[in-house]
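First comes the structure, then the notes that go with it.
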Number of protein chains: 2
Amino acid sequence: MITLTEENYIKAIYHLSSNGEKTVNTNAIASAMQTKASSVTDMIKKLSEKNYADYKKYQGVTLTDDGKRVAVNIIRKHRLWEVFLVEKLNFSWDEVHEVAEHLEHIKSDKLIDELDAFLEFPTYDPHGDPIPDKEGNFKHIEKIVLAKAEVGSAYKCVGVDDTSSKFLKYLDSNHIALGTIITVKHKEPFDNSIKIALENSEIVVSQSVAKNLYLKKI
Amino acid sequence: MITLTEENYIKAIYHLSSNGEKTVNTNAIASAMQTKASSVTDMIKKLSEKNYADYKKYQGVTLTDDGKRVAVNIIRKHRLWEVFLVEKLNFSWDEVHEVAEHLEHIKSDKLIDELDAFLEFPTYDPHGDPIPDKEGNFKHIEKIVLAKAEVGSAYKCVGVDDTSSKFLKYLDSNHIALGTIITVKHKEPFDNSIKIALENSEIVVSQSVAKNLYLKKI
DNA sequence: AAATATTTTTAGACTAATCTAAAAATATAT
DNA sequence: ATATATTTTTAGATTAGTCTAAAAATATTT
Ligand SMILES: [Mn+2]
Ligand SMILES: [Mn+2]
Ligand SMILES: [Mn+2]
Ligand SMILES: [Mn+2]
């Protein structure tokens, strides 16, 4: 039996290690989980005992194949529920994360497979993140961050790094959504702000915005 | 903050007291919750401190208005999710209970109100049980148990007492569902079995079946 | 290479929910 | 009314997850 808390730690480690590869520090996990390093040490010992993680004292932690499987499955559930909330229950993209954080822990294979079918097997969630299929496979989307885009080129908005309500509402109020076409007009060296052209307007976005918006060249 | 465990106890007390009226014993709760009496004592003390229950030592427990409100809200969520699972995700009525047992604890008013609307405000769940509305109101359905039905009369099947998978599958295999028309043919005094007529068949059901099937005279 | 700073782990304590075993209260039978 | 049985409560442990404070290991400066 795997507990809800273990699942959340495994998911955090997975995200911090960019897909289960590189080792993750205790402090990084503590800050991601909003807890203390001592709690993390206890938990990674447990995950290691249960064979979800490999861990050597003071050397950080990586997920085992079992651990990665668990992580990807929770991410699959999280993202499918997010699609459900937006597509069927009139949630906006800035409202779904918190609820999905809980729904992702409901344990029923039939539930999630039927939900997947009901939603017609979506491949991306409302934030542009790919949804793993039943076997855990998903394609890594080709994307760059706005901060690295080149002046003069046109891009399509395909995702966000920060999924906080604040950031998503900022995008809403500036008429930026997934699929929006953006042309980079000017990069200001002084503060790294960027002037971009949308369909009917030109706006200047700050460096923090530019680092959190994912684009694909078109 | 109310915990998942507290919610489950409150729901159990509500069901055992037939809608929060009469007092409920420690042992009854223990057996409903599949736990020990000593654990129940601890929990009802806590519920009492949090003002969800009234409790005097050795005298059993009743729910406060707050406790009843919590119970009805969980029941509303449980039954709405059951409808969702059957109507949208191809679950059968014997598969929904376990999953709904978990989904009922997801805390989001928007989620449940939008789900209610998405399902077009259903008034009964897949087992014939009424679904409380947002304010907690629901009508008590007029119904009798098959064991008390009169020979010669015709009834409509409107609910079940036992919602176990075993019983529901038994009904499926005998072509009895909500809405099925049943005519009582004979009551056997020897073992209290009952011969009933369905649309195209006559079957004999045992006393245990007769005590768990709810009917409405037509 | 030693001193200092940072990170990580340990030790010990706390809360929620559970358990077993024993004590206390209540109910039932003689 | 007394003895017996049943129910309920208490006392003391246990487990999961968390915390603070101190110790140990590792990393960074000088
Ligand atoms: Mn979560
Ligand atoms: Mn998402
Ligand atoms: Mn439950
Ligand atoms: Mn039901």
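First the proteins, then the strands, lettered A, B, ... as listed; each starts at 1.
As rounded to whole Å, 16 Å separates atom P of C:dT15 from atom CE of B:M43. The separation between A:D42 atom CG and C:dA13 atom C1' is 13 Å, rounded to whole Å. Taking atom CD1 of residue A:I29 and atom P of nucleotide C:dT7, one finds them 14 Å apart after rounding to whole Å. Atom CG in B:N25 sits about 14 Å away from atom P in C:dT26, given to the nearest Å. B:K45 has its NZ atom 16 Å from the P atom of C:dT15, to the nearest Å.
If you check every strand for non-hydrogen atoms under 4.0 Å, B:K56 touches nothing.
Atom NZ of A:K195 has 12 or fewer neighbouring heavy atoms from other residues, nucleotides or ligands inside a 6.0 Å radius.
Annotation: cation-pi geometry not satisfied between B:K88 and A:F84 (NZ/CZ under 6.0 angstrom from ring centroid, within 45° of ring axis).
Remark: A:K107 engages A:E7 in a salt bridge, criterion side-chain N to carboxylate O under 4.0 Å. One finds no salt bridge joining B:K211 and B:D161 here, because no Lys/Arg side-chain nitrogen approaches an Asp/Glu carboxylate oxygen to under 4.0 Å.
Between C:dT8 and A:N27, a contact under 4.0 Å exists linking OP1 or OP2 to a side-chain N or O.
Near DNA chain C, meaning a heavy atom under 4.0 Å away, there are no residues from residues 1-9 of chain A.
Applying the side chain to side chain donor-acceptor pair (under 3.5 Å) test between A:H105 and each of A:N8, A:T5, A:T3 identifies A:N8 as the sole match.
Counting heavy atoms from C-beta on, the side chains of A:N174 and A:V205 never come closer than 4.5 Å. A heavy-atom distance below 4.5 Å is found between the side chains of A:W81 and A:L115.
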query = Quick one: what's the B/S/- string for nucleotides 20-25 of chain D, heavy-atom cutoff under 4.0 Å, read 5' to 3'?
reply = B---BS
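Relative orientation of the B:W93 and B:H127 rings is parallel, given thresholds of 30° and 60° on the angle between their planes.
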